[in-house]
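Here is the structure we will look at.
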Amino acid sequence: MSEEMDVKLEEHKIRIEDYERFVGAETVERIIKKAEPLKGMHVVHVNSTYYGGGVAELLMSLTLMLNKLEIPTGWRIVHGPPDFFNITKKMHNALQGEKIRLTRQKMHIYEEVICENAMRNHLDHDVVMIHDPQPLPMIENYKKKSPWIWRCHIDLSNPDKKLWNYLVKFVEQYDAVVMSIKEYAKKLKVPQVFIMPAIDPFSIKNREMSESEINERLDHHKIPRDLPLIVQISRFDHWKDPKGVIEAFKIARREVDATLVLLGNVATDDPEGEEVYESLLDSREERIMIISREDTALVNALQSRAAVVLQKSLREGFGLTVTEAMWKGTPVVGGNVGGIRHQIEDGVNGFLVSSIEEAAARVIQLLKDKELSAKIGKRARESVRKNFLMSRYLEQHLELYNSFEAIFRLR
Ligand code: UDP
C-alpha cells in the first residue's frame, strides 16, 4: 500500500479516551494497557452482512475501535446466491429450535458456497473471528496457522439435534467459541468464552439527540406526536413477534391512548424479511404505523421519545435494541427469553413478559404511572453505562486475543 493510501486513523473521531466520561479514566487506561501487546497484530472478522441486524452493528464499532488501538482489523462478508441464504436462514431458525429438513443437497450448497468464499478470501491473519453459522465451514478450507474463533450470536439452548451434530464437526476445528451468555454453552471439546454484546454511545443511533432533532425526524416520517409512542424496532422476523406486539397494543389501548410504531428493516442475509413485512400490512391503521425504512437517526429518535419500547421477542440471542432504548432512559418491556433476561432485571430497570396479555398490562402500567416509568428509565440508563457499553465489549476482545499470546510468541 502506498503512503498516500494509508488510512488516516487519527481522523476517525472516536477514541477510547472518549469513553472516560462514561466509564472513568481507570477503565480506559486498563483497556489501553491490554491493547499494548497486540499492536500490529492483524485481525479479521467474517460474517454474512454489512448491514441489518445486531452482528453488523457490533462489528461496525468494534473493528473501528481495534484499528484505533493500532490493531489492524478487517471485516469481510461472505457472498452467496439466494439459495445459500435460504439455507442459512433455515439453519438459523433450526438453531433456535425450529425443525429443518437437512438434506444432502442443502449441506452441499452450504459447504460449496463457503469453499468458494474461502478461495477468494485469503485469511492468513493473526486472529480470525468467524461470526454465526453462515461462514462457519470456512475453517475446513484453510491450513490453520493462527487462532480461529467462532463467535455465535444465536440462542443455542435448544437447537435441532441433527443440525447441531452436523455443525459440531466444523465448530470443533476452532480454537475457541464465543457465545453471548452461559446458558448457550454446549458440550464441546473447544474452550467456550461468554461475551455479551454492547452498544456504541457515540454512534448516530445512540448519541443524544435534542428535542428539536427528534421532532424533525418524527415529522419527516409523519409520525404523530400528540399521543405517547409505543415502539418496537426490529428486523421483520417472526422471532421478534410483531403480530404479538400489535395484539398487545390493541389490548392496551382499551385503557390508554397511544400510537404504535413498528419500525423494521430487512438484513441482506435474511430472505424471510419481505414476507414478514407484507404479512403485517393489513394491520395498519391511523394509530398503528408499520414502517420499513433505513434511517438510523429515526431509530434513535423513536427510542428516545417512546413512552415504552417493546421487544417482545420469542427468541433473542441478545437484543441490541433493548440496550439501545435503555441507554436513552426509556422503559423497555422485553420478552422473557435468552439474552433479554440478562439485559433487563424485571421490575427494576424494565419488565420481562411471557405473553401478549402481560405485555399489554405493562404498557398500561407504564403509561399510567409516570413516576414508575421515570424510575425504571433512570435505572435502565445506569445499567447500560455500567455493563453494556462498547468499551467493555472491546476490553473482552482484547483479553481474548491476549489469551492466545503464547501462540503469537511462537510465530
Ligand atoms: N435496526 C435498525 N433499523 C431497523 C431495525 C433494526 O437500525 O429498522 C437495528 C437495531 O437498532 C439494532 C439492530 O438493528 O442495532 C438489531 O439488533 P438486535 O440484536 O436487536 O437483533 P438482530 O437483528 O441481531 O436479531
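Atoms considered below: every heavy atom in the structure, side chains included; atoms not considered: hydrogens, waters and symmetry mates. When a ligand or atom number is given, it counts from 1 through the structure's own listing order.
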[X] bridged to [Y] by N-O distance under 4.0 Å:
X    : Y    : result
K144 : D175 : yes
R235 : D237 : yes
E172 : K169 : no

Give the residue, atom name and distance (to 0.1 Å) of the protein heavy atom nearest [atom].
atom                    : answer
atom 1 (N) of ligand 1  : N265 ND2, 3.8 Å
atom 14 (O) of ligand 1 : G53 N, 3.8 Å
atom 8 (O) of ligand 1  : G264 C, 3.0 Å
atom 7 (O) of ligand 1  : K205 NZ, 2.9 Å

Sidechain-backbone polar pair: [X] side chain, [Y] backbone, donor-acceptor under 3.5 Å:
X    : Y    : result
D200 : M390 : no
T330 : M326 : no
Q192 : K186 : yes

With a 4.0 Å heavy-atom cut-off (strictly under), which part of [X] contacts ligand 1: side chain, backbone, both or neither?
X    : value
F318 : backbone
E294 : neither
L320 : both
H153 : neither

Only heavy atoms of [X], strictly under 4.0 Å: list the atoms of ligand 1 that pass.
X    : result
G319 : 19 (O), 20 (O)
V299 : 2 (C), 3 (N), 7 (O), 11 (O)
I233 : 4 (C), 5 (C), 6 (C)
E324 : 10 (C), 11 (O), 12 (C), 15 (O)

Run the contact test for E316 against ligand 1 with a 4.0 Å cut-off on heavy atoms, strictly below, and give the result.
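Yes, E316 has heavy atoms under 4.0 Å from ligand 1.
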Ligand 1 contacted by T296 (non-hydrogen, < 4.0 Å):
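No, T296 has no heavy atom closer than 4.0 Å to ligand 1.
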Side chain proximity check, L314 to V337, heavy atoms < 4.5 angstrom:
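L314 vs V337: side chains apart.
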Less than 4.5 Å apart, any side-chain heavy atom of I344 and any of N336?
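No, too far: nothing below the 4.5 Å cut-off.
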Using the ring centroid of each side chain, check whether F202 and F22 are separated by less than 6.0 Å.
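That pair passes the under 6.0 Å test.
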Are W148 and Y142 an aromatic pair by the rule of ring centers under 6.0 Å?
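Here the rings of Y142 and W148 have centres that are less than 6.0 Å from each other.
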Take atom CD of E382 as the centre, draw a 6.0 Å sphere, and report whether it contains more than 12 heavy atoms from other residues, nucleotides or ligands.
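Atom CD in E382 is crowded, with more than 12 foreign heavy atoms closer than 6.0 Å.
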Could you list the donor-acceptor pairs under 3.5 angstrom formed by side chains in residues 98-108, with sequence neighbours left out?
unit_1, atom_1, unit_2, atom_2, d
E98, OE2, H238, NE2, 2.8
T103, OG1, K106, N, 3.2
K106, NZ, R101, O, 2.6

Looking only at distances, can you tell me whether any N or O atom of [X], backbone or side chain, sits closer than 3.5 Å to an N or O atom of ligand 1?
X    : answer
R235 : yes
V55  : no
S234 : no
Q303 : no
K240 : yes

Return the option from A325, G54, S313, G339 holding the heavy atom at the smallest distance from atom 16 (C) of ligand 1.
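Going through A325, G54, S313, G339 one by one, G54 has the nearest heavy atom to atom 16 (C) of ligand 1.
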